[in-house]
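Single-structure report; data block below.
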Amino acid sequence: MEPLERYRPIVDDFEAFLAACERPLGNAVRVNTIKVPVDRTLEALDEDGVAYEQADWNPRVLRLETDSPGSTWTSFHGFTHGQEEVSAVPPVVLDPQPGERVWDCCAAPGGKATQIAALMDDRGTVVANDSNLGRISALRFNAERLGATSLAVTNADARNYSLSRFDFDVFDRALVDAPCSCEGTIRKNPDALDDWSPDHIASVTGIQKGILRRAIQATREGGTVVYSTCTFAPEENEAVVQHALDEEDCRVVDFALGLDHSPGLTGWDGETFDDSLSRAARIYPHQNDTGGFFVAKLEVTA
Amino acid sequence: MGDDSTTGDDLAQNDGQRFDRLPATDADRTVEGRVSREAVLDYFADRFGIPPETFDDHTFWEKGAGKIWIYAGTAPTPIEIEALGMTCLRTRQEHWKPTTDFAQRFGRHATECVIDLDRDAARRFAAGEDQERDWDGDWGYLIAAHEVAGEREPLGIGLFVHGELRSMVPKGRQREL
């Protein structure tokens with residue numbers, strides 16, 4: 001937990017934060033509404049004697065009281081998909097609409113891409129891209145199990161992504177759920193901080209900035225880009241969004257979120273960020289008993 | 001693309017690296033051995049009673065020999081990418097075979113060739129086991145289903161032959177429930 005000490009000045013009730021990071025995380029699943037409505041899934045779980053708690057902020061997110069959420073009838077039928085509660089936040093903030101064209105830049109293993117498809121009633125085009133061919137097989141497996149027919153899967157580096165393969169040249173929305181140092185997943189993966197180093201953070205921020213810039217360029221004026229990570233590092237969060245504000249035509253916009261969270265930072269380590277970055281959300285593990293996440297919503301401007 | 005194209009040796013070969021949209025009818029075919037959208041819809045309607053209009057918002061594509069994909073989005077044809085929607089059907093073999101994932105997604109619309117299993121038989125089917133069954137309908141590929149939360153729910157594709165229902169659930173989708 002040593003690397004987390006650097007956040008003592010910015011996290012309210014830091015001791016509670018550390019204590020939460022040391023507790024393992026329960027099993028959460030998302031209801032896949034491509035297959036069934038929420039109430040029928042709940043009925044199927046009742047039938048199987050699997051207890052659950054429905055998240056207040058999102059009725060499609062359930063905390064299951066079972067050690068093997070994959071061995072349920074709801075999982076076999078693709079009614080549910082194992083997905084951490086906070087991981088379901090970015091697609092909700094993205095708010096995709098049926099019929100739109102949406103780009104999920106870093107889509108594998110597909111939890112968020114299929115959630116986007118479900119929010120669009122599986123109507124429209126979700127381009128689910130990942131640079132790692134090995135992870136694409138997991139993405140495809142999940143997409144088919146969940147019955148998503150609106151996904152087009154590509155294998156490319158998002159930083160210089162070409163839309164020439166499609167018959168449209170701009171997206172309505174894009175999700176950049178960027179590769180990151182994953183500090184916020186420590187409750188799920190106790191090894192998450194083993195490779196932590198300032199150098200590692202510095203190396204991923206370059207990639208994050210490149211992907212976010214390309215996502216903004218590939219989204220139409222007035223369209224929405226959501227930037228998210230599962231880390232607390234301001235270098236990978238606010239500083240990356242600040243870079244986008246400096247280099248591309250976009251602005252940070254407000255969004256409502258039914259989970260407790262803290263505002264984005266307007267300064268870190270001697271660097272100041274635009275005041276609008278306080279509109280971003282920092283979700284800490286002790287606030288909702290979840291993993292950690294950062295989410296910012298951008299509107300593409302002229 | 002006239003009538004000649006369906007008869008002669010001038011039909012192109014299937015290119016396994018890319019997705020090509022299925023021709024509307026057999027008469028529109030330009031690639032040897034490729035099935036048409038009409039043939040696919042007829043098969044789902046004739047075999048399983050799934051109404052053709054179920055697929056009004058979907059297009060069908062071939063990538064890989066006889067591997068048919070169902071897609072709801074927009075794309076040009078041909079297109080070279082990793083996946084387009086989901087695989088739904090295997091053609092270019094004696095008996096066409098739908099995929100388990102297609103059966104789970106669209107099998108609810110089926111009215112024929114659906115075999116209803118009780119919970120224990122459903123459990124064995126999901127685990128990939130073969131089982132003795134009585135079935136007085138057509139032999140061949142069936143949709144296996146059971147009741148979940150008050151409604152019939154498809155489990156996947158089974159093959160019925162000689163009094164035996166063989167589970168076609170792929171290894172990676174099998175579960176001990």
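The sequence lines fix the lettering, A, B, ..., with proteins before strands; numbering per chain opens at 1. These numbers were taken from a predicted model, which means no experiment stands behind them.
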Checklist outcome for this item: Interatomic distance, NE2@B/His146 vs CZ@B/Phe125, rounded to 0.5 Å, equals 10.5 Å
Item to check | Options A/Thr72, A/Val36, A/Thr149, ranked by heavy-atom pairs under 4.5 Å with chain B, top entry | outcome: A/Thr149
Checklist entry - For A/Glu85, which of A/Lys188, A/Arg187, A/Arg63 qualifies under salt bridge (charged side-chain N to carboxylate O under 4.0 Å, His left out)? => result A/Arg63
Next on the checklist: Please classify the contact of B/Thr87 with chain A as side chain, backbone, both or neither, using a heavy-atom distance under 4.5 Å.
Outcome noted: both
Item to check | Structural part of A/Ser68 lying under 4.5 Å from a heavy atom of chain B | outcome: neither
Next on the checklist: Less than 4.5 Å to any heavy atom of chain A: does that hold for the side chain of B/Ile79, its backbone, both, or neither?
Outcome noted: side chain
Checklist entry - Which answer fits A/Leu139, side chain, backbone, both or neither, if we ask what part of it has an atom under 4.5 Å from a heavy atom of chain B? => result neither
Checklist entry - Can you tell which of A/Gly99, A/Ala128, A/Gly124 has the highest number of heavy-atom pairs within less than 4.5 Å of chain B? => result A/Gly124
Checklist entry - Which residue out of B/Ala126, B/Cys88, B/Gly150 racks up the most heavy-atom pairs below 4.5 Å with chain A? => result B/Ala126
Checklist entry - Where does the angle between the aromatic ring planes of B/Phe55 and B/Phe102 fall among parallel (under 30°), tilted (30 to 60°) and perpendicular (over 60°)? => result parallel
Next on the checklist: Nearest 0.5 angstrom please: A/Phe171 CZ to A/Gln217 CD, how far?
Outcome noted: 13.0 Å
Checklist entry - What's the verdict on side-chain contact (heavy atoms from CB on, under 4.5 Å) for B/Leu22 and B/Arg34, showing C-alpha distance, side-chain angles and the deciding distance? => result CA-CA 7 Å; B/Leu22 295 192; B/Arg34 176 164 294 159; 3.9 Å; yes
Checklist entry - Between B/Tyr71 and B/Trp61, what is the ring plane arrangement, given parallel below 30°, perpendicular above 60°, and tilted in between? => result perpendicular
Next on the checklist: If you count heavy atoms of other groups shown closer than 6.0 angstrom to CG of B/Asp118, is the number above 12?
Outcome noted: yes
Next on the checklist: Please check: side-chain N/O of A/Ser228 versus main-chain N/O of A/Val295, any donor-acceptor pairing under 3.5 Å?
Outcome noted: no
Checklist entry - A/Phe166, A/Phe76, A/Phe79: which one forms the most heavy-atom pairs within less than 4.5 Å of chain B? => result A/Phe76
Item to check | Proximity breakdown for A/Ile136 and chain B, heavy-atom pairs closer than 4.5 Å | outcome: side chain
Checklist entry - So which of B/Gly156, B/Gly85, B/Pro76 has the largest heavy-atom pair count under 4.5 angstrom toward chain A? => result B/Pro76
Checklist entry - With under 30° as parallel and over 60° as perpendicular, where do the rings of B/Trp139 and B/Phe160 fit, or are they tilted in between? => result perpendicular
Next on the checklist: Using heavy-atom distances under 4.5 Å, tell me whether B/Arg123 contacts chain A through its side chain, its backbone, both, or neither.
Outcome noted: both
Checklist entry - Pick from A/Arg123, A/Lys35, A/Arg165, A/Arg101: which one has the most heavy-atom pairs with chain B under 4.5 Å? => result A/Lys35
Checklist entry - Which region of A/Ala143, side chain (C-beta onward) or backbone (N, CA, C, O), has a non-hydrogen atom less than 4.5 Å from a non-hydrogen atom of chain B, or is it both or neither? => result neither
Checklist entry - Relative to chain A, which of B/Arg173, B/Glu80, B/Arg108 shows the most heavy atom pairs under 4.5 Å? => result B/Arg173
Item to check | Check against side-chain contact (heavy atoms from CB on, under 4.5 Å), A/Asp95 and A/Phe255 | outcome: CA-CA 10 Å; A/Asp95 193 26; A/Phe255 58 89; over 6 Å; no
Checklist outcome for this item: Residues A/Arg145 and A/His81: closest non-hydrogen pair is NH2-ND1, 3.0 Å
Checklist outcome for this item: Bottom line for A/Glu144: the part with an atom under 4.5 Å from chain B's heavy atoms is both
Checklist outcome for this item: Applying a strict 4.5 Å limit to non-hydrogen atoms, the region of B/Glu176 in contact with chain A is backbone
Checklist entry - Is chain B contacted by the side chain of A/Arg140, its backbone, both, or neither, given a heavy-atom distance below 4.5 Å? => result side chain
Item to check | Side chain, backbone, both or neither of A/Asp46 within contact of chain B (heavy atoms, under 4.5 Å) | outcome: neither
Item to check | Heavy-atom closest pair, residues B/Arg133 and B/Ala121 | outcome: NH1-CB, 3.7 Å
Checklist entry - With only heavy atoms counted, which part of B/Phe106 is less than 4.5 Å from chain A, the side chain, the backbone, both or neither? => result side chain
